[in-house]
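Nothing here was measured: the structure is a model prediction, and the numbers come from that model.
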Amino acid sequence: VGWSNMSEIRDLLNSILSVEAETRNLAEEQLNGLALPVKFQLLVSAIRDHQNPIEIKTLAAVLLRRMILKVTDELMQIDSGILGACRAELLEALQTEKEGMVRRKICDAVAELARAAIDESNVNNWPEILQFLFSCCSEEHPTMYESALHIIRIVPAVFANQME
């Protein structure tokens with residue numbers, strides 16, 4: 001399936017929110033049938049799209065977190081360019097999202113992505129997350145400070161061997 005525009009993604013996510021079981025199940029099957037990199041990019045795009053309603057962005061963040069939890073090992077096999085771009089877009093979304101509920105769900109997804117970046121040797125392979133967290137904690141914006149603390153609370157190991 002080619003995802004040529006955001007309205008198709010929005011329609012798919014709206015179908016997942018449907019009260020009609022058949023509609024919801026078909027949409028979930030369609031989403032679950034996508035290759036991991038495509039699904040990853042699609043969900044991040046849905047979070048980033050400012051035209052999406054809160055429910056769609058929240059759903060996309062929840063689905064992204066669930067996906068990360070299910071496929072942690074495969075996640076690091078995604079092309080580094082795609083992975084890096086999606087990570088950067090999520091951090092940007094966290095900075096620009098005005099709705100608190102959506103921001104918290106993005107934090108949850110970012111935290112799981114950060115956890116997935118910690119390898120067996122306890123090395124964090126996403127150094128940009130540390131820079132992001134430190135800059136959030138030094139900002140004057142309480143929402144960014146809260147976001148950083150939320151991520152650190154979920155995954156304190158984000159500091160991994162960098163603290164030694």
Inset, instruction - Kindly indicate, with the supporting measurements, whether the criterion side-chain contact (heavy atoms from CB on, under 4.5 Å) is fulfilled by E112 and T72. - result: CA-CA 9 Å; E112 293 308 329; T72 301; over 6 Å; no
Please determine whether the number of non-hydrogen atoms from other residues, nucleotides or ligands lying under 6.0 Å from atom [atom1] of [X] exceeds 12.
| X | atom1 | result |
| --- | --- | --- |
| M101 | CE | no |
| R66 | CZ | no |
| K105 | NZ | no |

Any [X] side-chain heavy atom under 4.5 Å of [Y] side chain:
| X | Y | answer |
| --- | --- | --- |
| E146 | R103 | no |
| D108 | L64 | no |
| L83 | F40 | yes |
| E97 | I47 | no |
| L91 | I129 | yes |
| T96 | H50 | yes |
| M76 | D119 | no |
| T143 | K98 | no |

State whether the side chain of [X] and the backbone N or O of [Y] hold a donor-acceptor pair below 3.5 Å, judged by distance alone.
| X | Y | answer |
| --- | --- | --- |
| S121 | V123 | no |
| N52 | K57 | no |
| R87 | L113 | no |

For residues [X] and [Y], report the shortest heavy-atom separation together with the two atoms involved.
| X | Y | value |
| --- | --- | --- |
| V44 | E89 | CG1-CB, 3.6 Å |
| P127 | N125 | CD-C, 3.5 Å |
| W126 | A117 | CB-CB, 3.7 Å |
| A60 | L43 | CB-O, 3.7 Å |
| I16 | R24 | O-CG, 3.1 Å |
| I68 | A109 | CD1-O, 3.7 Å |

Legend entry - Evaluation steps, side-chain contact (heavy atoms from CB on, under 4.5 Å), between D49 and I9: CA-CA 10 Å; D49 187 346; I9 298 167; over 6 Å; no
What is the distance from atom [atom1] of [X] to atom [atom2] of [Y], rounded to the nearest 0.5 Å?
| X | Y | atom1 | atom2 | answer |
| --- | --- | --- | --- | --- |
| Q30 | N25 | CD | CG | 13.0 Å |
| M6 | Q51 | CE | CD | 9.0 Å |
| K70 | L36 | NZ | CG | 12.0 Å |
| I151 | C136 | CD1 | SG | 7.0 Å |
| L31 | S15 | CG | OG | 11.0 Å |
| L17 | T23 | CG | OG1 | 12.0 Å |

Inset, instruction - Kindly indicate, with the supporting measurements, whether the criterion side-chain contact (heavy atoms from CB on, under 4.5 Å) is fulfilled by E92 and F132. - result: CA-CA 10 Å; E92 179 68 26; F132 177 79; over 6 Å; no
Inset, instruction - Answer with yes or no whether the hydrophobic clustering places V62 together with M67; edges join I, L, V, M, F, W, Y residues whose side-chain heavy atoms lie under 4.5 Å apart. - result: no
Inset, instruction - Apply the test side-chain contact (heavy atoms from CB on, under 4.5 Å) to residues E55 and N14: give CA-CA distance (whole Å), side-chain angles for both, the deciding distance (0.1 Å), then the verdict. - result: CA-CA 9 Å; E55 302 79 31; N14 264 323; over 6 Å; no
